[in-house]
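First the structure, in the form of structure tokens, and then the observations on it.
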Amino acid sequence: TDFDGWIASAGYNDDATLADALARFRHAGGKRAIVTNVQIGEDPGPGIERLQVLAEMGFDDAVAFDLAFTPERAELIRAAIERPSSIEQK
């Protein structure tokens, strides 16, 4: 079976559960993995740290929701976690 993509939710799963599921997905030949529902609270620090952990874990993309959104905060968060894509462009 080929798996091109997978979407996981960080909303109700802890990092250990996500890491285990991501490892199974990759072992099955999965390519692009996206994690959603990453909450950024009033203090963006913990949310940014979680995004960094998820990136280090191997997720290719993340969808976060900021409870105190402003365009300036979005740029701050983006700058804190920006990294080159780990997916080879074809």
Side-chain angles (χ1 to χ4, degrees):
T1 305
D2 292 325
F3 300 97
D4 289 332
W6 172 57
I7 300 172
S9 174
Y12 297 103
N13 292 298
D14 62 26
D15 291 349
T17 300
L18 291 169
D20 182 55
L22 180 59
R24 288 193 317 269
F25 171 71
R26 297 287 191 213
H27 182 75
K31 295 181 175 79
R32 192 160 202 96
I34 301 168
V35 62
T36 65
N37 302 319
V38 181
Q39 182 174 314
I40 309 292
E42 290 287 330
D43 173 6
I48 289 171
E49 288 176 20
R50 185 150 197 227
L51 287 167
Q52 290 168 335
V53 166
L54 293 167
E56 291 168 6
M57 195 181 291
F59 281 96
D60 302 296
D61 298 290
V63 177
F65 63 97
D66 187 350
L67 298 175
F69 177 82
T70 66
E72 295 78 17
R73 276 177 56 102
E75 288 302 318
L76 171 78
I77 294 164
R78 184 177 295 116
I81 62 168
E82 200 166 88
R83 66 184 174 96
S85 175
S86 61
I87 299 293
E88 183 179 319
Q89 299 297 317
K90 294 184 179 184

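Position 1 is the first residue of the sequence, and the numbers go up from there. All values reported here derive from a predicted model rather than from experimental measurement.
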### Task
Go through the structure and list residues passing side chain to side chain contact (heavy atoms under 4.5 Å, CB included) with Ala64, not counting sequence neighbours.
Val38, Ile40, Leu51
### Message
Through direct or indirect side-chain contacts below 4.5 angstrom among Ile, Leu, Val, Met, Phe, Trp and Tyr, which residues connect to Val63?
### Response
Ile7, Ile34
### Task
Keeping to residues at least two apart or across chains, list the salt bridge (Lys or Arg N to Asp or Glu O under 4.0 Å) pairs with something in residues 34-55.
Asp15-Arg50
#### Entry: Main-chain N/O of Asp66 paired to Arg73 side chain as donor or acceptor, under 3.5 Å
no
### Nearest non-hydrogen partners of Ala10 and Val35, listed with the distance
CB-CG2, 3.7 Å
### Task
Please report the closest heavy-atom contact between Ala74 and Phe69, naming both atoms and the distance.
CB-CE1, 3.6 Å
### Query
Would a hydrophobic clustering, with Ile, Leu, Val, Met, Phe, Trp and Tyr connected at side-chain separations under 4.5 Å, put Ile77 with Met57?
yes
### Message
Checking Leu76 now: which residues fulfil side chain to side chain contact (heavy atoms under 4.5 Å, CB included) with it, not counting sequence neighbours?
### Response
Pro44
### Non-neighbouring partners of Asn37 that pass side chain to side chain contact (heavy atoms under 4.5 Å, CB included), sequence neighbours left out
Ser9, Phe65
### Query
Taking only residues two or more places apart in sequence or in another chain, which ones pass side chain to side chain contact (heavy atoms under 4.5 Å, CB included) with Ala16?
Asp14
### Message
Could you work out, with salt bridge (Lys or Arg N to Asp or Glu O under 4.0 Å) as the rule, every residue matching Glu75, not counting sequence neighbours?
### Response
Arg78
### Taking every non-hydrogen atom, the tightest pair across Trp6 and Ala21
CH2-CB, 3.6 Å
### Task
Please round to the nearest 0.5 Å and tell me the distance separating atom OG1 of Thr36 and atom CZ of Phe59.
9.0 Å
